[in-house]
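Since the structure comes first, as structure tokens, the remarks are kept for the end.
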Amino acid sequence: MTTKKRIFALTTATLVLTGALAACGGQSAAPEESSGSTAPVESGAGTEKVYHIVADNAFAPFEFLDEATGSYTGVDMDLLAAIAEDQGFQYTVDNCGWDAALGNLQSGQADGMIAGMSITDERRESYDFSDSYYDGGQIMIVKGDSTISSYEDLAGQTVAVKTATQSAAFAQSIAEEYGFEVVIYKDSPAVYAAVTGGIDAAGFEDYPVIAYQLQTQSDLDLKMVGEQQNATPYGFAVLKGNNPELIEMFNAGLANIRESGLYAEIMAKYGIEV
Ligand code: GLN
């Protein structure tokens with residue numbers, strides 16, 4: 001299959017899945033899940049706004065399912081809870097997954113998005129971002145016993161990435177130079193499975209995410225090759241021009257929790273050095 005055909009086939013599959021998930025980003029009258037916030041409060045002006053936030057669902061340590069509690073946890077979830085508490089705003093969070101979250105933000109179904117999302121110039125055309133809360137870049141991953149040790153070794157191979165990510169953009173930017181084909185997957189677990197299963201010779205993923213997987217899952221048959229590329233700030237996003245007060249509150253709350261030491265505590269909880 002040619003690169004174009006393959007990407008088209010996978011994009012079609014992604015669209016179908018996104019359609020199935022679209023409901024998860026819808027506005028709901030009552031909070032389905034309020035992390036660290038209480039029910040809407042009646043004020044003189046009526047019911048206080050409950051911001052609807054969407055997030056990734058399999059991007060540890062930023063957001064992932066805690067099997068023990070059955071709820072989503074991670075750096076992004078804790079930062080959002082701490083910032084909302086500091087600033088006194090109400091929110092619900094839907095861990096829709098990266099692809100669905102982006103779709104919901106773009107279509108205005110969500111008020112904000114947090115997902116280890118890199119602040120890029122291209123995204124700034126569609127979204128407004130908060131101040132950065134972390135810097136992360138991309139790294140190549142291969143199966144544990146792979147002999148691939150450089151981009152040159154990718155010639156004639158296929159390389160797995162997650163749709164619409166910086167990893168996808170980076171892989172696509174060097175694919176022609178190194179002679180490999182880029183294969184797009186819907187989420188991070190699908191990328192890891194393609195690499196550990198030998199379907200694709202390598203993949204690209206955010207460095208802190210892979211570092212965390214390797215630390216916490218001893219049975220994950222992956223290793224990193226080379227250095228992190230393009231370290232870029234991560235930020236909280238709103239659709240351009242929408243909910244400017246949410247960005248202001250996020251920034252003010254982030255500054256406060258940096259000051260109070262809570263930010264450092266949250267990062268340390270997930271083993272992230274800052
Ligand atoms: N940081 C990467 C990006 O913004 C990946 C984010 C993610 O997969 N949740 O493209």
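Whatever order the structure lists them in is the order used to number ligands and atoms, beginning at 1. Please read these numbers as outputs of a predicted model, since none were measured by experiment. Because only heavy atoms are used, hydrogens play no part in the values below, and waters and symmetry mates are left out as well, while side chains stay in.
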Mind checking whether Phe62 and Tyr270 have ring centres under 6.0 Å apart? no
Sub-6.0 Å ring centroid separation between Tyr51 and Phe89: yes
Check for a donor-acceptor pair, side chain of Asn242 on one end and backbone N or O of Val238 on the other, with a separation under 3.5 Å. no
Give the intermediate values and the outcome of salt bridge (charged side-chain N to carboxylate O under 4.0 Å, His left out) for residues Lys186 and Asp99. CA-CA 7 Å; Lys186 191 184 162 302; Asp99 199 24; 5.3 Å; no
Taking the basic N atoms (NZ, or NE/NH1/NH2) and the acidic carboxylate oxygens, is any pair closer than 4.0 Å for Lys143 and Asp221? yes
Per the under 4.0 Å non-hydrogen criterion, ligand 1 touches Asp56, Phe59, Trp98, Ala115, Gly116, Met117, Ser118, Arg123, Lys162, Thr165, Gln166, Asp206, Tyr234
Using 4.0 Å as the upper bound for N to carboxylate O, is an ion pair formed by Lys162 and Asp56? yes
